[in-house]
Amino acid sequence: MKTAIATNVIDSDLTAIGIMDFDGLQKTVAAAYDAFPKNFFHTFAVKANALVEVLRVLREYGMGAEVASPGELLIAKNAGFLNQDIIFDSPAKTLHDLRTCIKNDISINIDNLQELTRVEQLMQEHPNTKSVIGFRINPQIGGGAISSTSTATATSKFGYPLADANNRQELINIYRQRPWLTSLHTHSGSQGCALELMAKGIEVITELAEEINNNIGSQQVVRIDIGGGLPVNFASEDVTPSFADYAQILKKNVPLLFTNKYQVKTEFGRAIAAKNGVIITRVEYTKNSGGRHIATTHAGAQIFTRTAFLPKSWPIRVTGFSAEGIEKTADTCEVVTTDVAGPCCFAGDLICVGKQLPKLVPNDYVMAHDTGGYYFSNHFDYNSLPRVGVFSVSGDDENLNFSCIRKADSFEDVANKM
Ligand SMILES: *Cc1c(COP(=O)(O)O)cnc(C)c1O
């Protein structure tokens, strides 16, 4: 923090910055590879952090890319991912999206039978494609604690509902008639889901793969894509659950994945990015209203969108720093019940509410932890977020190197363009 201030990473123009820890990212990717055997290939869910510079290093650390829109695909290409290392997932692929993928050997997960009809037509145009194609399955095993990130309920909008009516048998027939269907995908998780629940969904599609292959009499399904969804601990620095915890539960429930029979793909997003990023914002003013201490900063709903709108599901840990970059603690400061607010003009624009924090004063800084995924990277836009910058950091405590990923135009630059 001190270094960030001393090296002018935070200056008077930048009132909120995101910082990605590239060393931490490298360790996190290594932990994922260490936890699972060699037949696993880890892709990164681009929506969790769609910055080209971040994606480029994730590629260098050995990951592929999972994308869900043409924009994300373009970003992944700019970050240098090979087509064969990209998976296109989206419940709303246009004919053009599908053609782009099939023509360019990009893997796809089919969401529904109408999409299958389109893919079938395109397979006639491009019979020699190397795209790995299969269905996204909804194992319909139930949801977790956060309904908006639960993807495997009976009525989820995602995937082919396996347990409805005669769907299972129909799917087996569909695979039997189409030798180019060689994979199965599920993403039965995300924040709020227990590991056992995720493992259950993966067990369901692994059994399905076996049933399809047995029915056909050869191993047509060669790839199982188990999605992402490993939850992140936002309450402390501890990485729980770890990739190793998840691997252990998965191995117990679905040992077949830990043999060499299938190529297994993962699509982790939050578990890779969240704990390797922070947002730092300056306290502009403080006030006392109705007995509560309020610190007004420059990072609110425009960056902490989930937290501002669903504070109970997405609480964030914050730490206060002095203007010189020194952490404020109970030893050095009076502790008061504090709300940290953002700059947007609605009352719910709060980073945290009723927190016991060393008293913040103007020109202090607030660090929001574990925000490297789905926060500053989500909707970063050059011109609509003036005075926000994104940096990477690497090196040890004594010698930190910051490098600018993106720095928004200054207010004057934006004004000049208007
Ligand atoms: C969002 C998403 C992911 C990543 O989810 P995390 O909870 O960030 O790991 C993976 N796969 C698909 C299909 C997704 O939509």
*Asks:* For residues L360 and C333, determine if any side-chain heavy atom of one lies less than 4.5 Å from a side-chain heavy atom of the other.
*Replies:*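 Of all side-chain heavy-atom pairs linking C333 with L360, none is under 4.5 Å.
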*Asks:* Within 45 degrees of the ring normal and closer than 6.0 Å to the centroid, is that where the cationic atom of R136 sits relative to F158?
*Replies:*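 Here R136 passes the 6.0 Å and 45° test against F158.
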*Asks:* How about T100 and D97: does a side-chain donor come under 3.5 Å of a side-chain acceptor?
*Replies:*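 Distance-only check fails for T100 and D97.
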*Asks:* Hey, are E210 and Y262 close enough side-chain-wise for a donor-acceptor pair under 3.5 Å?
*Replies:*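 On atom types as modelled, these side chains qualify, holding a pair under 3.5 Å.
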*Asks:* Is it true that R168 and E211 have a side-chain N and a carboxylate O under 4.0 angstrom from each other?
*Replies:*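 Salt bridge between R168 and E211, a charged N being under 4.0 Å from a carboxylate O: yes.
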*Asks:* Between K93 and D111, is there a salt bridge with N-O shorter than 4.0 Å?
*Replies:*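 A salt bridge is absent here (no side-chain N lies under 4.0 Å from a carboxylate O).
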*Asks:* Given 3.5 Å as the limit, does a donor-acceptor pair link the side chain of N104 with the main chain of I106, or not?
*Replies:*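 Looks like no, no N/O pair under 3.5 Å.
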*Asks:* Please give me the minimum heavy-atom distance between F346 and A301, naming the atom from each residue.
*Replies:*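 Smallest heavy-atom distance, with atoms named: CE2-CB, 3.5 Å.
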*Asks:* Quick one: closest heavy-atom pair of D364 and K359, and the distance?
*Replies:*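 Smallest interatomic distance, heavy atoms only, reads OD2-O, 4.1 Å.
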*Asks:* As an exercise, state the distance from CD1 of I174 to CG of N167, rounded to the nearest 0.5 Å.
*Replies:*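 Rounded to the nearest 0.5 Å, the CD1-CG separation comes to 8.5 Å.
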*Asks:* Does the side chain of I226 come within less than 4.5 Å of V254's, by heavy atoms?
*Replies:*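 Of all side-chain heavy-atom pairs linking I226 with V254, none is under 4.5 Å.
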*Asks:* Who are the side-chain hydrogen bond (donor to acceptor under 3.5 Å, both in side chains) partners of Q263, not counting sequence neighbours?
*Replies:*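 Q263: side-chain hydrogen bond (donor to acceptor under 3.5 Å, both in side chains) contacts with R223.
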*Asks:* What are the two closest non-hydrogen atoms of K328 and P358, and how far apart are they?
*Replies:*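 Reported closest heavy-atom pair: O-CG, 3.3 Å.
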*Asks:* What residue among T28, N49, D21 forms side-chain hydrogen bond (donor to acceptor under 3.5 Å, both in side chains) with N276?
*Replies:*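 Among T28, N49, D21, the one that satisfies the side-chain hydrogen bond (donor to acceptor under 3.5 Å, both in side chains) with N276 is T28.
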*Asks:* Does a salt bridge link R99 with E125, judged by any charged N lying under 4.0 Å from a carboxylate O?
*Replies:*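 Looking at R99 and E125, the cut-off is met.
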*Asks:* Between H42 and E267, is there a side-chain donor-acceptor contact under 3.5 Å, judged purely by atom types and distance?
*Replies:*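 No, because no side-chain N or O of E267 sits under 3.5 Å from a partner of the opposite role on H42.
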*Asks:* Within a strict 4.5 Å, meaning less than it, do heavy atoms of the F304 and D349 side chains meet?
*Replies:*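 Result no, sub-4.5 Å side-chain heavy-atom pair not found.
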*Asks:* Counting only heavy atoms from other residues, nucleotides and ligands, does the tally under 6.0 Å from NZ of K200 exceed 12?
*Replies:*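 Open: at most 12 neighbouring heavy atoms sit under 6.0 Å from NZ of K200.
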*Asks:* Check for me whether R317 meets the cation-pi criterion with F234, that is, NZ or CZ under 6.0 Å from the six-membered ring centre and within 45 degrees of the ring axis.
*Replies:*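 That pair does not qualify as a cation-pi contact.
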*Asks:* Could you check if a side-chain atom of V57 sits within less than 4.5 angstrom of a side-chain atom of Q26, using non-hydrogen atoms only?
*Replies:*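 No, side chains not in contact.
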*Asks:* So, H369 versus T319: side-chain donor-acceptor pair below 3.5 Å or not?
*Replies:*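 Checked: H369/T319 side chains pair up, N/O donor to acceptor below 3.5 Å.
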*Asks:* Side-chain contact test, heavy atoms from C-beta onward, threshold under 4.5 Å: evaluate it for T337 versus H293 and give yes or no.
*Replies:*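 Sidechains of H293 and T337: no contact.
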*Asks:* With respect to K275, which candidate in T371, N233, D370 satisfies the side-chain hydrogen bond (donor to acceptor under 3.5 Å, both in side chains) definition?
*Replies:*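 Answer to the side-chain hydrogen bond (donor to acceptor under 3.5 Å, both in side chains) test with K275 among T371, N233, D370: D370.
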*Asks:* Q302 versus C344: any side-chain heavy-atom pair under 4.5 Å?
*Replies:*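 Heavy-atom side-chain distance check passes, below 4.5 Å.
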*Asks:* Stepwise, does the side chain to side chain contact (heavy atoms under 4.5 Å, CB included) test hold for T186 with D225?
*Replies:* CA-CA 6 Å; T186 192; D225 180 342; over 6 Å; no
*Asks:* Taking atom types as modelled and ignoring hydrogens, do the side chains of T305 and Y374 form a donor-acceptor contact shorter than 3.5 angstrom?
*Replies:*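 Per modelled atom types, T305 and Y374 side chains form no pair under 3.5 Å.
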*Asks:* Please indicate whether E53 has more than 12 foreign heavy atoms, meaning atoms of other residues, nucleotides or ligands, lying under 6.0 Å from its CD.
*Replies:*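 Yes, because the 6.0 Å sphere around CD of E53 holds more than 12 heavy atoms from other groups.
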*Asks:* Parallel, tilted or perpendicular: which describes the rings of F135 and Y175, with under 30° parallel and over 60° perpendicular?
*Replies:*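 If you compare the ring of F135 with that of Y175, the planes turn out tilted.
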*Asks:* Looking at K251, I'd like to know if its NZ atom is crowded, meaning that more than 12 non-hydrogen atoms belonging to other residues, nucleotides or ligands lie closer than 6.0 Å.
*Replies:*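 Not buried by this count: 12 neighbours or fewer within 6.0 Å.
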*Asks:* Should the ring pair Y246 and F36 be called parallel, tilted or perpendicular, given that the plane angle runs from 0 to 90° and is split at 30 and 60?
*Replies:*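 Perpendicular.
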*Asks:* For K77 and N83, does a side-chain donor sit closer than 3.5 Å to a side-chain acceptor?
*Replies:*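 On atom types as modelled, these side chains qualify, holding a pair under 3.5 Å.
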*Asks:* Check whether any side-chain N or O of T286 sits under 3.5 Å from a backbone N or O of A295 as a donor-acceptor pair, and report yes or no.
*Replies:*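 No, the answer is negative, given that no donor and acceptor are paired below the 3.5 Å cut-off.
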*Asks:* Quick test of your reading of the model: are R282 and E284 salt-bridged, counting only N-O distances below 4.0 Å?
*Replies:*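 So R282 pairs with E284 through a salt bridge.
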*Asks:* Could you report the tightest heavy-atom contact between V119 and L98, atom names first, then the distance?
*Replies:*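 Looking at all heavy atoms of both residues, the closest pair is CG2-CD2, 4.0 Å.
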*Asks:* Can you tell me if D164 and Q140 form a side-chain donor-acceptor pair at under 3.5 Å?
*Replies:*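 Distance-only check passes for D164 and Q140.
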